[in-house]
Visitor: 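Following this message is one structure expressed as C-alpha cells.
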2 protein chains.
Amino acid sequence: MNPATANIEEAILSAILAGRIAPGTRLGEQKLADLFGVSRTRVREAMMRLETRGVVQVSARRGWYVVEPSAEEAREAFHTRRVIEVGLLQTVPHVPPNVLAALKEHVAMERAAIESGDIGSRACLLGDFHIHLADALGNRLLTEIIRDLTARTTLISMLYQPTEKAEESSHDHEDIVAAMEADDLTLAARLMGEHIAKVEAGLDLTAKPDPLAGLRELLSPSTFTGNTPSVPHSHTHPHSHSFGKED
Amino acid sequence: MNPATANIEEAILSAILAGRIAPGTRLGEQKLADLFGVSRTRVREAMMRLETRGVVQVSARRGWYVVEPSAEEAREAFHTRRVIEVGLLQTVPHVPPNVLAALKEHVAMERAAIESGDIGSRACLLGDFHIHLADALGNRLLTEIIRDLTARTTLISMLYQPTEKAEESSHDHEDIVAAMEADDLTLAARLMGEHIAKVEAGLDLTAKPDPLAGLRELLSPSTFTGNTPSVPHSHTHPHSHSFGKED
DNA sequence: GCCTACAAACTTGTATACAAGCTAAAAAGC
DNA sequence: GCTTTTTAGCTTGTATACAAGTTTGTAGGC
C-alpha cells in the first residue's frame, strides 16, 4: 500500500483512539490534502479505506464525517468486542510470563495516568489495554480487528457515556490480569465479558447522539481564555482538538 | 457507498467464497471496468476496499491479485476464526428455536449437496454455515468480519488443502447444531474450536503455495473438451472459473 | 420584519490524460 | 546457438479538469 495513504489512515485512526477527534467531525478532502501535503486522490483513498473499516462515512457531496454510531450500532460493536475478547481469553491455553509482565506494567501506567489526572493519555491507555491484549495473546489480524472495534467504541463512549468511570475500568483490567496470573483463563474470560458489559451498561443509549456535538466542539471551553464557558456541554468530553489546527 | 462499487466488491467476494476464483488470480482494472461497464476509477475503489478487507493485494504497476496467504497468515486466519466463533457460542446464553431450525435445514442442504456430488455448492455451503451462524447468533458487524475471514480461509484451503474432507466437516456441523439443540453451548463452543482446529490441521502448511497455480488455472481441464488433462494439478481443486469469462 | 427565491461559493464525484514502471519480445553482440 | 541489450506494449499511479450537488449568503417580495 502507498505509504502516504497509510500515514493519513493511521493518523486519523490513532487520533480517534486517543479521543482527539470527536464523532461527527468533518474531514474535508482538500483540507486534509493540504495538511498532509498530498493530492485529494490520496486522501480519498485513505478515506475509503477508513470507511471500509467503519470509522468514517461519506455524505454525498457534503463531505466525510467521523461516524456517529447509532444506538443499534453501539450495541453491535460492544457485542462483537465481547464475543472476540472473551473468545480470546477462553481459547488461549496459557499466558507466558513476559506477556503477563507487560500487561501488569500497562495497568500500572493506567493507574498512574488516573492518579495524575492526565485525561488525555488516560482514555488512550484504557483502550490500549485491549489492543495490547489482542496483540500479545492473539495475532496481527486479531489486533487489527480489535483496534478498529476499539475506535468504534471510543467514539460511542464520546456520544453516549454520561460519566467516565476510568478508575473502575482500570480496576477491572487489574482483576483480569490477576486471573490470568492465577492461570484461571476461564475466570479471566468471564471477567472480561462482565467488564465490557459493564462499560456498555454505563452508556445512555436512549439519549440520541447530540446533533450539536460538532458545534460544541468548536466552541469548547479550551478555545477561550476564561474558564467560565458560556456554552454548556451536557456530557461530551472536552477534547484538546490538536487535529486540524491550521485553518 | 456507491452502489456500482459495492456490486463489484460483492461480486468478487462472493465468487471467492464460492471457490470460483483461485488465489493468485490476476484482476486487471481495465478488464473489470469493461466487465462491469464502469470506469477504472470505480474498479480501483472496489479493489482498495477489498484490499483493506484482506482479500486482494496490489503489486505495484503489475496488477491486482487475489491474495495467496502465507503459512503464517493461514495460521493467523484460523486462529482468529477459532477465537471469534468459539467466543460467539460461548457468549450466547440460549439459541432460539427458529435459529436452530434454520441451522438444521442448512446442515441438511450440506448433506444433500455432498451426496449429490455437487462440488461447487458443497464448498459454498460449508463456508456459509459459519456465516449463517454469525448472522443468527451475532450481528451484522460480526457477520461481516466472519465473512471476510471465511473468504480468507477458503483461499487458504485452495492453496494448502491436500484433500477436502467435506463429509467430515458436515458431520462436525451436525454435532455442533446438536449440542446447541441440547442447550449445551459450552459443548458447542468446544466442538466448534475442535472443528476449526481440525480443518487447520488438515492443511499442509509446509508445502509452499504453488507458483504455477495461475498457470494451471489457465490450462485447467475444464477449458479442454477431452477429460484426460495433460497438465497435472497436484492438489489444487478444479474451478469452474466462470469469472472473467470474456477475454 | 420575515419568508422565499435566487445566486455564488464550495465540496465531492467521475472521467480522462499522461507519467512511471514492469514484462516480454525482438534485435544485437559474442 | 546463447546471452545481453534494447524497445515496444501494457498496466497501474497520480493529478487535474470539469460535472453535479449542497450549503450559505443575498436580494426581493409580502
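To find a chain, count down the sequence lines: A is the first, B the second, and so on, and within it residues start at 1.
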Visitor: Can you tell me if A/T52 and B/R53 form a side-chain donor-acceptor pair at under 3.5 Å?
Guide: no
Visitor: Below 3.5 Å is the cut-off: list the nitrogen or oxygen pairs between protein and nucleotides 5-9 of chain C, distance only.
Guide:
none

Visitor: Give the rounded distance in Å between these two atoms: CD of A/E29 and P of C/dT14.
Guide: 11 Å
Visitor: Crowded around B/Q57 CD? As in, over 12 foreign heavy atoms under 6.0 Å?
Guide: no
Visitor: May I have the distance from A/Y65 (atom OH) to D/dT23 (atom C1'), rounded to whole angstrom?
Guide: 10 Å
Visitor: Expressed in angstrom and rounded to an integer, what is the separation of B/K31 atom NZ from D/dC10 atom C1'?
Guide: 11 Å
Visitor: Sugar-phosphate atoms are those with a prime plus P, OP1 and OP2; base atoms are the rest. Using that split, label each nucleotide of nucleotides 16-25 of chain C B, S or - for protein heavy atoms under 4.0 Å, 5' to 3'.
Guide: B--BBSSS--
Visitor: Separation of A/E45 atom CD from D/dT14 atom P, in whole Å?
Guide: 7 Å
Visitor: Tell me whether the OP1 or OP2 atom of C/dT12 has a side-chain N or O from A/R44 closer than 4.0 Å.
Guide: no
Visitor: Roughly how far, to the nearest 0.5 Å, is CD of B/E73 from CG of B/L155?
Guide: 11.0 Å
Visitor: Output the rounded distance in Å from CZ (A/R26) to C1' (D/dT23).
Guide: 10 Å
Visitor: Once you round it to whole Å, what is the distance between C1' of D/dT12 and CD of B/Q30?
Guide: 11 Å
Visitor: Check the angle between the aromatic planes of B/H106 and B/F129 and answer parallel, tilted or perpendicular using the 30° and 60° thresholds.
Guide: tilted
Visitor: Hey, are A/R75 and A/E200 close enough for a salt bridge, meaning a charged N less than 4.0 Å from a carboxylate O?
Guide: no
Visitor: Can you tell me the distance, in whole Å, between the CG atom of B/N2 and the P atom of D/dG21?
Guide: 13 Å
Visitor: Any donor-acceptor pair under 3.5 Å linking the side-chain atoms of A/H130 with those of A/R147?
Guide: no
Visitor: Would you mind checking if A/E45 and A/R42 are paired as a salt bridge, meaning a charged N to carboxylate O distance below 4.0 Å?
Guide: no
Visitor: Is any side-chain N of the basic residue among B/E76 and B/R152 closer than 4.0 Å to the acidic one's carboxylate O?
Guide: no
Visitor: D/dT14 C1' sits how many Å from A/M48 CE, rounded?
Guide: 13 Å
Visitor: Tell me if the CZ atom of B/R26 is crowded by more than 12 foreign heavy atoms within 6.0 Å.
Guide: yes
